[in-house]
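Okay, so here's the structure we're looking at.
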Amino acid sequence: MFLRTVDARIPSFTDIVAETPLIPNKSGPSELRSQRRTVSPPTPPTDEKRPSRTFRQIARTGRRYTKPLVSVGHWRRRALLVGAALLAGLIAIVFAIGAEHAIDLHARIVVASPWLSLLVAPAGFAGMAWVARRFFPATQGSGIPQTIAASLSPDPEVRGRLLSLKIALAKVILTLGGLLSGASIGREGPSVQIGASVMHSLAGRRFGRIASSRNLIVAGSGAGIAAAFNTPLGGIMFAIEEMCRHHAFRANSTTLTAVIFAGLMSLGILGNYTYFGRTPAVLSWPGGIWPVLMCGAAGGILGGTFSRLLVASAPGLPGRLGNFAAARPIAFAAGCGLATALVGLVTGGATYATGYAESKAALEGTTPLPFYFFAAKMLVIWLAFVSRIPGGVFAPALAVGAGVGSALAGLSPGNAAPALMILGMVAFLSGMTLTPITSFVIVMEMTASHEMLIPLMAASVIAYGFSKSVSPRALYDALAAPALDRAQVAVGTGSAARG
């Protein structure tokens with residue numbers, strides 16, 4: 001009885017199923033199939049749709065790549081870039097021709113009356129220092145530190161204080177005036193600043209954003225080196241190794257375009273010349289390892305020491321002489337000119353100007369360099385540097401290196417003087433600038449001594465190692481920091497005055 005009562009209270013499975021309300025299926029199996037189609041992955045396109053979609057992709061890609069080819073703005077920007085490179089090369093070539101005439105005119109004055117240099121040099125030094133200090137402060141010195149400082153600054157006004165077409169023209173005139181006075185200065189640093197100024201004139205949005213300001217400055221510096229000495233590879237390596245120490249080299253196409261067209265301008269006007277002529281210098285191995293070691297060690301130590309001297313002299317000289325230079329800079333520049341003339345009289349005029357003629361004559365074997373030449377040349381380079389007149393130290397440094405190699409040639413057996421002079425050039429330049437690749441590439445192109453490639457590379461690397469122990473910081477990099485500070489102070493002072 002009890003069991004029958006419990007069974008009556010517990011519903012059976014069939015009753016539960018019967019009493020549970022079912023969700024009505026209004027569409028039947030066809031609706032389920034449609035639902036499965038909505039949640040299933042998309043079916044691949046049919047053969048009829050695939051060709052049309054591929055054609056649209058090809059057309060869209062083609063329009064993206066062909067649009068610059070038919071764009072007037074694109075070709076206008078390319079034309080402006082090429083035109084600026086040609087202009088930079090033209091100014092550098094005119095500068096080179098003018099430098100030769102200025103050096104030749106000074107040599108005629110000295111030949112006519114050597115004592116006239118005691119008047120010409122002080123007057124020329126004082127005049128160039130006054131004009132540069134009064135009207136064009138950014139033209140003082142080499143020009144490479146100013147260019148590096150401009151590439152490091154993000155402020156357009158600071159860059160304008162260091163690079164402009166007005167500064168470029170003033171740099172040409174003032175450097176020619178210094179060479180006419182007999183100053184031991186070069187035109188490679190001014191050529192770098194000139195090329196960078198011309199290319200930097202394209203910066204900004206007014207010409208349609210041709211390239212970034214930094215890339216244009218780097219490209220202009222390489223174009224200046226390439227056009228000044230007919231060394232296109234040296235110009236590219238200078239742009240990479242010297243101008244891009246603090247940032248990655250990204251101006252690939254811009255630099256190549258600038259260097260190529262500046263080089264073409266040089267070839268069109270001056271022809272395919274070699275700066276120091278063709279030097280048939282060869283070293284035999286393994287005996288040639290000793291000249292390489294000697295020149296590398298001597299050039300690295302001397303170059304590093306001289307670089308450290310220039311960096312230490314840049315802020316000012318110590319003692320009473322430094323106080324006099326700060327209080328009366330024009331009179332101090334005249335005194336530096338007088339000292340340069342006296343050294344020139346003692347050495348028979350061998351230390352005037354860049355030292356190009358003396359070095360080339362020694363390489364050709366016509367007139368050997370005296371053993372004291374490199375020391376006297378370093379002295380007159382330092383005098384021009386501390387006087388703050390416009391002019392570079394790159395080309396005179398090559399003459400110092402030639403003097404070092406000539407002095408070491410007496411310690412080497414055989415007639416290896418030309419080879420040791422070339423090695424001395426590379427070693428001293430690499431030690432002074434801490435740019436080993438640029439140094440051996442430029443000297444190799446200047447002397448057309450391709451057979452000396454391995455010895456030049458070895459001497460440059462050895463000199464770099466010795467120089468790093470004497471002067472850890474590169475010359476132009478160390479000089480760029482105060483140049484940037486001065487430009488920033490000038491911009492801040494000008495802004496405060498306008499405010």
Side-chain angles (χ1 to χ4, degrees), residues 68 71-98 136 138-139 143-144 146-153 156-173 175 187-240 242-244 249-270:
S71 173
V72 177
H74 171 79
W75 288 109
R76 176 177 172 271
R77 290 191 294 269
R78 295 298 97 186
L80 287 172
L81 179 62
V82 171
L86 293 173
L87 178 60
L90 179 62
I91 296 176
I93 293 166
V94 173
F95 185 29
I97 296 174
F136 308 102
T139 63
I144 296 177
Q146 291 91 326
T147 307
I148 296 175
S151 70
L152 297 176
S153 175
E157 193 170 353
V158 172
R159 291 194 297 264
R161 292 269 181 173
L162 298 169
L163 301 174
S164 68
L165 293 178
K166 181 176 69 173
I167 292 174
L169 295 178
K171 192 81 171 184
V172 171
I173 297 172
T175 305
R187 55 182 174 85
E188 78 302 323
S191 297
V192 169
Q193 191 175 15
I194 290 166
S197 296
V198 174
M199 296 296 292
H200 179 257
S201 64
L202 301 179
R205 297 181 179 179
R206 53 179 176 172
F207 293 112
R209 188 67 177 176
I210 296 175
S212 67
S213 298
R214 179 177 293 170
N215 289 353
L216 289 172
I217 292 170
V218 172
S221 65
I225 288 287
F229 300 107
N230 191 28
T231 54
L233 291 178
I236 294 174
M237 291 312 306
F238 177 84
I240 296 174
E242 185 65 71
M243 297 297 301
C244 297
F249 177 69
R250 301 182 184 277
N252 299 325
S253 60
T254 309
T255 302
L256 285 175
T257 302
V259 169
I260 288 172
F261 283 95
L264 288 176
M265 177 63 73
S266 177
L267 289 176
I269 297 178
L270 301 177

Steps toward side-chain contact (heavy atoms from CB on, under 4.5 Å) verdict (L81, F261): CA-CA 10 Å; L81 179 62; F261 283 95; over 6 Å; no
For Q146 and L162, indicate whether the former's side chain and the latter's backbone hold a donor-acceptor pair under 3.5 Å. no
Do side-chain atoms of R187 reach the backbone of A96 as a donor and acceptor pair under 3.5 angstrom? no
Output for pair (T139 OG1, L169 CG), nearest 0.5 Å, gives 12.0 Å
Could you check I225 against V259 for side-chain contact (heavy atoms from CB on, under 4.5 Å), going step by step and ending with a plain yes or no? CA-CA 9 Å; I225 288 287; V259 169; over 6 Å; no
Which atom names give the shortest non-hydrogen contact between M199 and A84, and what distance separates them? SD-CB, 3.7 Å
Give me the atom names and distance for the closest heavy-atom approach of T254 to N215. CG2-O, 4.2 Å
I need the minimum non-hydrogen distance between A227 and G89, along with the two atoms involved. CB-CA, 3.8 Å
For a quick test of reading the model, state the closest non-hydrogen atom pair linking G189 to I144 and the distance between them. CA-CG1, 3.7 Å
Spacing of K171 atom NZ and S197 atom OG [to the nearest 0.5 Å]: 9.0 Å
All heavy atoms of A226 vs all of P232, minimum pair found to be CB-CA, 3.8 Å
Is it true that a side-chain atom of S153 and a backbone atom of A150 form a donor plus acceptor pair closer than 3.5 Å? no
Between CD1 of I93 and OG of S191, what distance do you get to the nearest 0.5 Å? 10.5 Å
Heavy-atom check, side chain of V172 versus side chain of V94, under 4.5 Å: no
Spell out, as yes or no, whether a donor-acceptor pair under 3.5 Å connects the side chain of S164 to the backbone of I167. yes
To the nearest 0.5 Å, what is the distance between CD1 on I240 and OG1 on T255? 7.5 Å
Using the rule given for side-chain contact (heavy atoms from CB on, under 4.5 Å), can you reason through I148 versus I217, listing the C-alpha separation, both sets of side-chain angles and the distance that settles it, and then say yes or no? CA-CA 9 Å; I148 296 175; I217 292 170; over 6 Å; no
Please enumerate all residues that pass ring-ring contact (aromatic ring centres under 6.0 Å, His included) together with F95, with sequence neighbours excluded. none
Roughly how far, to the nearest 0.5 Å, is the CD1 atom of I260 from the CG atom of L86? 11.5 Å
Closest non-hydrogen atom pair, M243 against S221: CG-OG, 3.3 Å
Backbone N or O of A138 within a donor-acceptor pair of the Q193 side chain at under 3.5 Å? yes
